[in-house]
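A, B, ... follow the sequence lines: proteins, then strands. Residue 1 opens every chain. What you are looking at is a predicted structure, and each value in this text was computed from that prediction instead of being measured.
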Amino acid sequence: MKWSLPENIATYGGKIDAIFWVITVVTGIAFVLVEVGIIWFAVKYRRREGRRAYYTHGNKALEVLWTSVPALALVALGIYSADVWAQIKGRDSAPAGSLMLGVRAKQFEWNVTYPGADGTLGTSDDFVVRNQLHFPVNRPILIQLESEDVLHSFFIPQLRVKQDAVPGMTIPVWFEATKTGGYQIGCAELCGLGHYRMRARVTIHEPDEYERWHAEQVASR
Amino acid sequence: MAGAVTYYAGRAPERGLAVYTQKVGMWVFLASEVMFFTSLIGSYIILRFGASETWPLPGEVLNIPITAINTFILICSSVTMVKAFAAAEVGDKRGTRLFTLATALIGSTFLGVQILEYRELLHEGFGPSSGLYGSTFYTMTGFHGFHVFSGVCCLFWASWKAFRGGYDNRAYKGLEVLGLYWHFVDLVWIILFTVVYLI
Amino acid sequence: MATIVAEPTGRPVVREPHELSFIRKYIFSSDHKVIGIQFLFLSLFFLLAGGLLAMMIRWQLAWPGQPMPLGSLFPETMAPDGIMLPEFYNSLVTMHGTFMIFFAVMLLLVGVFANYLIPLQIGAPDMAFPRINMASFWVAVPAGLIALASFLVEGGAAGAGWTSYAPLSAMPEASGVSLGQQMWIVSLVLLGLSSILGSTNYITTVINMRAPGMTWMRLPLTVWALFITAILALLSMPVLTGAMIMLLFDQTIGTHFFLPAEGGQPLLWQHLFWFFGHPEVYILILPAMGFTSEILANGSRKPVFGYHAMVGALVSIAVLGFMVWGHHMFQSGMNPLLATSFMVSTMVIAVPSAIKTFNWMGTMWRGNLHFHTPMLFAIGFVMLFVIGGLSGIFMASAPFDIFIHDTYFIVAHIHYVLFGGALFGIFAAIYYWFPKMFGRMMNEKLGKVHFALTFLFFNLVFFPMHTQGLAGMMRRLYQTTGYEHLEGLQWTHVLITISAFGLFLSGMLFAVNFAWSLFRGPKAPANPWNATTLEWQTPSPPMHGNWEEVPVVYHGPHEYSHPDVADKDWLAQNERPDVVSPARP
Ligand SMILES: [Cu+2]
Ligand SMILES: [Cu+2]
């Protein structure tokens, strides 16, 4: 069912999902505390004839308590998140030996650049496939994300990856899939009237299968 | 007596700042103006750092000596503004008239020189679409010029009031508040001149 | 006949009595109460307009490609045969956000209540600069008209979202909208001017015009909230104005601020926009927090729990509010190290909101709760704001934000804060202060039905959006079909849309109540809620100049159930100087 996050197929997806569950538990406790408290007070202290409210301007000890507990919890959450963030999106966080691909977004398509027969990106034998992202499983993929016109956002939900594509910038995005199969890229940043249909196909292959696909593509050009 | 307002036993309202309300209002308004110019100057700095290789040297595009003189002119107008206020404070009506009008005229001179500068630059092909430097130059100096223009309009109005004897040693608040604005506009120019022309 | 009164400052001032012409009294009035009411009608109109746009959006999402009811009324350029075009959908989304944020909620909170309440609650005869105040309203009107008219021009209204991210917003060739986008900019520049003029007035008035004895720590929390809000608006609005002007120049005179082809930086727009935008978020919630504090105290018949902490929380929100804007840009391509620092500051800014929530609970604790309609909405505010606040923590965590950024989770969050929070606070405030404004009571029964239905439908509309977001549904999609990971979720859109229609209809109940009470409501006494603040110690509605004699203040703002007052459970700020109230128990 779709009541929670979609299937995770990224190596670092587990860390992201763990943060989700930690926050869900922490905020869940706060949520129940507050909502139940309010309803309980509303029932318990509802108006009664002849009763007078308790006259108080506050309570220092309580106030210090409910300032410091959330503060500590939030800062801890911040530090925990910062660590995961650096592993996923840090400027040099992509593992060495990643397969480099280029993705150039434009209204309303994703153009993927693959290295040619020489196996390196940025040489003259590179080739471009429109709306088709192929890569092997169990190998880190490093994408150089660019945009030709306006902002777009590269989003593959199952891979827990999202990154805006900004014209004039080349932004590195890395991920590693743990499972083969067919998925989709969606565009998550409003980019014009075709934003809703700016999709591309993602195919995750077994390594040898990817090599075969790649060789076929090279040969056909 | 509907609509009449009296204070209880003549007690004064609580004052958070020991100055009169119009002056507080101008300070508050100027805080907002600071943020406005900060957004323009901040953007300039960010854009310039982002494109430092292609950024032209100001001296190659702009006529710095003329603008330096113009800066001096604007600073002079701040001096006359101070003089106008000082004259009003001691009830010197002649001095008030003279210095208010002088400030208005010097401010107009500044604007005139700036318009000539724009004409010259546009003639040379340096317009708002001439790269980032053109974009930022015209936006920043243009909005500063607009502020000077607004100030000059108020100054002419104040001069007219001064000639009708509207300011004296009891009624000089308007002039003081206008002066605050005028000094602010002056100060912004000195920053702009430094950032856009000199650095 | 004018009355000349000696002001304490020594300069005699002339105050006009009631012999003003109709135009000076109701149209070009400089009376803060009239201006507040003018803002009320203007902003309620935009609330309705924004609501109608939302209904159209909801129709398209639930039944994509189906002709809208009355759809044939729309021209070919918007909805041929009643079927909405994607470009029209983008305009609707953009203008729904623009209307609601800038013209409905912001004007309701600040335009209406800052104007109406500040002088009355601090015991001043009017604002510091009544004519600037009038100008602030009459600048807002053309701003609204221009935004409305932009639907009718060629290319339609702006369609780049209420955030109008560059370069889409700067490139007519990419968005298909040119004049509409420019009108959007001009409209918001005018609104910004209106807001700056208003804020200057509010701040100055609070600083220098408080009634004798109205010290800072005796200010009602509403005034504190509005004061801090005005500071936020004063300092953030001009940054938006600066950004807007650059955007306008990019479109019209060929500058390149946000256009990368000539070295411009699209991210600069986002930095400037959110430097304004995050304080704006607090502009849209702080006043509602103030109303809630005050109404909860009134309904609970207790002083506000932790008044000083409440003020401290407001002040710290204002300071921190300028240091967290980058949390909107975690996935924007901004330097990831910068994101880390924004993440930590964002976590910290959640603390003051937590303090406020617990203090509201503390206010209700051991009270004697009267559930009048304003109180219900105030309780509703706390219950819903908590959800909005807690869901914010999910996106404050940058790594998890990777997944939920630009999904319906964000849509749910913003609506819990702006509708469940701000708008519930606004409804509470309208029900509460309506008698003061118009001298008539609103209908309590209808008000309670309005509350119950709004609370129910609100949650039915926006709670499921959290799950849609967690499923990975992107926002601002013309239709969400065609995505494999969203298959089988269409029914949630249908549920939400039907509930949204219910929400709209419950809003109509409010409209009926409002209009009916305006003319037929029972006459209101000066102090129908037995409240303590100064505005209730003068007739409803107050006369021009507010007071026969400006009151002197002896007490804190929310002295309910004071033990030294036996005959009643409230102590007005200006009564009985012999009773002394402690700041702490
Ligand atoms: Cu796109
Ligand atoms: Cu924010």
Side-chain angles (χ1 to χ4, degrees), chain A residues 2-6 16 19-20 23 27 30-31 34-35 37-38 41-42 45-47 51-58 63 66-67 70-71 74-75 77-78 81-82 84-85 88-91 107 149-151 153 157 160 162-164 166-169 171 184 186 188-193 196, chain C residues 86-87 161 165 167-168 174-175 260 266 301-303 305-306 309 331-333 336 340 343-344 347 350-351 354-355 357-358 361 364-370 382-383 386 390 393-394 397-400 402-403 405-406 467 470-472 474 476-479 483-485 489 561 563 583-585:
Chain A
K2 303 202 151 94
W3 295 112
S4 183
L5 301 166
I16 290 179
I19 291 181
F20 168 71
I23 299 179
T27 56
F31 171 77
V34 174
E35 304 289 359
I38 289 173
F41 288 172
Y45 301 116
R46 67 185 182 279
R47 181 186 196 177
R51 193 174 71 192
R52 220 175 146 86
Y54 171 60
Y55 179 80
T56 173
H57 282 92
E63 284 170 45
W66 67 45
T67 304
L74 284 163
V75 169
L77 213 55
S81 298
V84 178
W85 175 253
I88 298 172
K89 287 242 178 169
R91 272 284 181 256
Q107 285 182 330
D149 38 36
V150 297
L151 297 181
S153 194
R160 305 291 188 265
K162 187 181 287 142
Q163 175 60 55
D164 284 8
V166 185
M169 287 174 82
I171 302 170
Q184 281 175 314
E189 190 71 76
L190 179 61
C191 58
L193 63 92
Y196 70 99
Chain C
E87 48 269 49
Y165 273 9
L168 181 65
S175 64
R301 315 308 295 166
K302 272 185 68 193
F305 199 91
Q331 321 309 333
S332 68
T340 308
M343 173 162 60
V344 175
M347 292 288 180
V351 176
I355 296 174
T357 305
F358 291 126
M361 293 175 70
M364 288 172 72
W365 172 69
R366 293 185 67 182
N368 189 25
L369 273 54
H370 293 43
V382 181
M383 295 181 78
V386 166
L390 291 174
I393 296 174
F394 287 85
S397 167
F400 188 62
I402 295 173
F403 186 80
H405 180 71
D406 270 329
T467 32
L470 290 179
M474 295 83 90
R476 292 170 171 167
L477 295 182
Y478 165 67
Q479 54 191 37
Y483 292 90
E484 286 149 12
H485 68 287
L489 277 176
S561 305
R584 288 277 172 181

Which one, [options], leads in non-hydrogen pairs under 4.5 Å with chain A?
options	answer
C:Gly333, C:Ala350, C:Pro303	C:Pro303
C:Leu390, C:Thr340, C:Val351	C:Leu390
C:Pro563, C:Gly161, C:Gly367	C:Gly367
C:His405, C:Arg366, C:Met474	C:Arg366
C:Gln479, C:Glu87, C:Lys302, C:His370	C:His370

Test item: C:Ser561 side-chain N/O and C:Arg301 main-chain N/O as donor-acceptor pair under 3.5 Å: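 Confirmed, C:Ser561 side chain pairs with C:Arg301 backbone.
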Side-chain heavy atoms of C:Met364 within contact of C:Phe305, under 4.5 Å: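 No, every pair of side-chain atoms sits at 4.5 Å or beyond.
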Compare all side-chain heavy atoms of A:Leu151 with those of A:Cys191 and state whether any distance is below 4.5 angstrom.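 No; the side chains remain at least 4.5 Å from each other.
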Does any heavy atom of chain A fall under 4.5 Å from the side chain of [X], the backbone, both, or neither of them?
X	answer
C:Pro266	side chain
C:Thr357	side chain
C:Ala354	side chain
C:Met347	both

Which atoms of [X] approach chain C - backbone, side chain, both or neither, heavy atom under 4.5 Å:
X	value
A:Val166	side chain
A:Ile19	side chain
A:Ile171	side chain
A:Ile88	side chain
A:Gln107	side chain

Would you compute the distance between atom [atom1] of [X] and atom [atom2] of [Y] and round it to the nearest 0.5 angstrom?
X	Y	atom1	atom2	value
A:Asp164	A:Glu189	CG	CD	4.5 Å
A:Leu190	C:Tyr478	CG	OH	14.5 Å
C:Met343	A:Leu77	CE	CG	9.0 Å
A:Arg51	C:Leu369	CZ	CG	8.0 Å

On the 0 to 90° scale, with breaks at 30° and 60°, tag the A:Tyr54-C:Trp365 ring pair as parallel, tilted or perpendicular.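 Because their plane-to-plane angle is over 60°, the rings of A:Tyr54 and C:Trp365 count as perpendicular.
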So which residue, [options], ends up with the most heavy-atom pairs under 4.5 Å with chain C?
options	result
A:Gly37, A:Ser153, A:Pro157	A:Pro157
A:Arg46, A:Gln163, A:Arg52	A:Arg52
A:Phe31, A:Trp66, A:Phe41	A:Trp66
A:Ala82, A:Pro6, A:Gly186, A:Gly168	A:Pro6

With sequence neighbours excluded, tell me which residues meet side-chain hydrogen bond (donor to acceptor under 3.5 Å, both in side chains) with C:Asn368.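 Residues passing side-chain hydrogen bond (donor to acceptor under 3.5 Å, both in side chains) with C:Asn368: none at all.
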Any residue meeting side-chain hydrogen bond (donor to acceptor under 3.5 Å, both in side chains) with A:Lys162, in chain and number order, not counting sequence neighbours: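 Here no residue qualifies.
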Verdict with supporting geometry, C:Phe394 and A:Thr27, side-chain contact (heavy atoms from CB on, under 4.5 Å): CA-CA 9 Å; C:Phe394 287 85; A:Thr27 56; 3.7 Å; yes
